[in-house]
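Just so we're clear, the structure is a prediction, and the values are computed from it rather than from any experiment. We name chains A, B, ... by the order of the sequence lines, and we start the count at 1 in each one.
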Protein chains: 2
Amino acid sequence: MLRLSKLTDYAVVVMVRLGRGEAVQTSPCIAAATGVPEPTVAKVLKILAAAGLVASHRGARGGYRLVRPLDAVPIADIIAAIDGPIALTACVDGGTSCEAQGLCPMRGRWDPVNRAIEAALAGITLADMADPGLSFAAPVEAAALGPLALPLPALHVAE
Amino acid sequence: MLRLSKLTDYAVVVMVRLGRGEAVQTSPCIAAATGVPEPTVAKVLKILAAAGLVASHRGARGGYRLVRPLDAVPIADIIAAIDGPIALTACVDGGTSCEAQGLCPMRGRWDPVNRAIEAALAGITLADMADPGLSFAAPVEAAALGPLALPLPALHVAE
DNA sequence: GAAATCAGGACCGTTGCGGTCCCCTTATCC
DNA sequence: GGATAAGGGGACCGCAACGGTCCTGATTTC
Ligand code: FES
Ligand code: FES
């Protein structure tokens, strides 16, 4: 279903959370605020830190903070950080192609499709997802269910 | 990596093959022409037939033919036929949402992203992939390695 | 009636993903 | 300087989805 991984979804939630409130937040704190299980939050933050999307500070009084503001982080970056580079097929962009390389009829054919998706994903920032002030196509009715609400004390998993 | 399934890749190959040569072709014939294993071709064609993208004719002298010409089939249709509807997350478009429905901070937030991708995928047809007469952005250097060639006797798997 | 061809589903091995846990390093605070 | 609070970097395992194959039946032509 052309689905992106759950971790990516969590990453967006976590990043948006980091974009509000205290500048530096600990992973247990974020877990409590978002309802995402703490070990998972920690894992996500570690990956995001490795990708340079968040900065970490160790020791007591440590935690994570955003490196760039939300409106400067396209979701493409998040997806690339968690799921790896966007590559619809194995052979996109000269990567390791399918078995009989050099003979495949689809050689390079997916590249433009990949570009189109990358472009679409690069044009939407985390700020767009946090705040329904949409600047792209497709008016979303989701705006009707919570204008600027997003209080983020909400829970992902119950209890 | 936001990867689409291999079956989808095969489906495109098969569809493009159906777009040239005889109007009606059998699945073993297509398998031989494309190099894709015959059982897999048969499976793909069955799915495509169920989705109404190809028409089948049973019995001797039977086979498959395209319902619409290649330039009238956006890749979004292929992906939807094989991988199911395009849904980045479980909760897109009112589908079954994540566990604690109604409380999730990302509720509906992915919808516009999904629309953007759908739009990108709806704007590229199989004809665009078969023939590098690109009408969309991102000039592809793949055009340099085979203008209109695509003879399709090539093999996907070796041997 | 025989042969060709699709229809539909069952089947299983592999892979990647989701999720959890552990131990070590680093920095603050008393 | 020691205790404590936090992140760093993995290893680990169960599960579900996917890829790939095969079999049995229904349909059409010759
Ligand atoms: S599908 Fe890309 S090289 Fe075969
Ligand atoms: S991520 Fe869509 S409802 Fe939670």
Side-chain angles (χ1 to χ4, degrees), chain A residues 1-11 13-14 18 22 24-32 35-65 67 79 81-84 87-90 98-99 156-157, chain B residues 1-11 13-14 18 22 24-32 34-65 67 79 81-84 87-90 96 98-99 156-157:
Chain A
M1 308 84 176
L2 201 66
R3 180 154 302 166
L4 45 77
S5 75
K6 243 173 171 182
L7 270 294
T8 304
D9 192 5
Y10 290 150
V13 175
V14 166
L18 265 181
E22 305 300 320
V24 169
Q25 301 173 42
T26 74
S27 64
C29 160
I30 295 175
V36 180
E38 195 276 337
T40 300
V41 170
K43 184 176 201 171
V44 166
L45 281 170
K46 275 184 258 191
I47 299 174
L48 292 175
L53 289 170
V54 301
S56 63
H57 192 205
R58 303 223 267 194
R61 243 333 285 294
Y64 295 93
R65 66 176 172 78
V67 169
I79 297 177
I82 307 284
D83 286 344
L88 288 183
T89 63
C98 68
E99 305 82 33
H156 237 85
V157 302
Chain B
M1 310 86 171
L2 201 67
R3 180 153 302 166
L4 44 77
S5 75
K6 242 173 169 182
L7 270 294
T8 304
D9 192 5
Y10 290 152
V13 175
V14 166
L18 265 182
E22 303 299 319
V24 170
Q25 301 173 41
T26 74
S27 66
C29 159
I30 295 175
T34 59
V36 180
E38 195 276 337
T40 302
V41 170
K43 185 177 198 170
V44 165
L45 281 168
K46 275 183 258 190
I47 299 174
L48 292 176
L53 288 171
V54 302
S56 64
H57 193 203
R58 303 224 264 196
R61 242 335 283 296
Y64 295 93
R65 66 176 173 78
V67 169
I79 297 177
I82 305 285
D83 286 345
L88 288 184
T89 62
T96 61
C98 68
E99 307 80 33
H156 238 85
V157 302

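Atom CD1 of A:Ile79 is separated from atom CG of B:Leu88 by 7.0 Å, given to the nearest 0.5 angstrom.
Under the 4.5 Å side-chain criterion, counting only non-hydrogen atoms from C-beta, B:Leu18 is in contact with B:Leu45. A:Thr89 has its side chain within reach of B:Leu4: a pair of non-hydrogen atoms, C-beta onward, lies under 4.5 Å apart.
One can place CG of B:Asp83 at 10 Å from C1' of D:dC18, the figure rounded to the nearest angstrom. Across the protein-nucleic acid pair, B:Leu48 atom CG and C:dC6 atom P stand 13 Å apart, rounded to whole Å. Rounded to whole Å, atom P of D:dG20 lies 7 Å from atom CG of B:Leu7. B:Ile47 places its CD1 atom 12 Å from the C1' atom of C:dG9, with the value rounded to the nearest Å. Per the geometry, CG belonging to A:Leu45 stands 9 Å off P belonging to D:dG8, to the nearest Å. What separates CD of A:Glu38 from P of D:dG7 is a distance of 8 Å, to the nearest Å. Put simply, CG on B:Asp9 is 16 Å from P on D:dC18, counting in whole angstrom units.
Phosphate contact (OP1/OP2 of D:dG20, side-chain N/O of B:Lys6, threshold under 4.0 Å): present. An OP1 or OP2 oxygen of C:dT5 is reached within less than 4.0 angstrom by no side-chain nitrogen or oxygen of B:Ser56. A sub-4.0 Å separation between OP1 or OP2 of C:dC17 and a side-chain N or O of A:Tyr10 is absent. Put simply, A:Ser27 has a side-chain N or O that comes within less than 4.0 Å of OP1 or OP2 on D:dG7. Side-chain nitrogen and oxygen atoms of A:Thr40 include none within less than 4.0 Å of the OP1 or OP2 phosphate oxygen of C:dG18.
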Fill in: Nucleic acid footprint by protein, nucleotides 21-30 of chain C - heavy-atom cut-off 4.0 Å, B for base, S for sugar-phosphate alone
----BBBSS-
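Take A:Thr8 and apply the side chain to side chain donor-acceptor pair (under 3.5 Å) test, not counting sequence neighbours, and it matches A:Ser5, A:Asp83.
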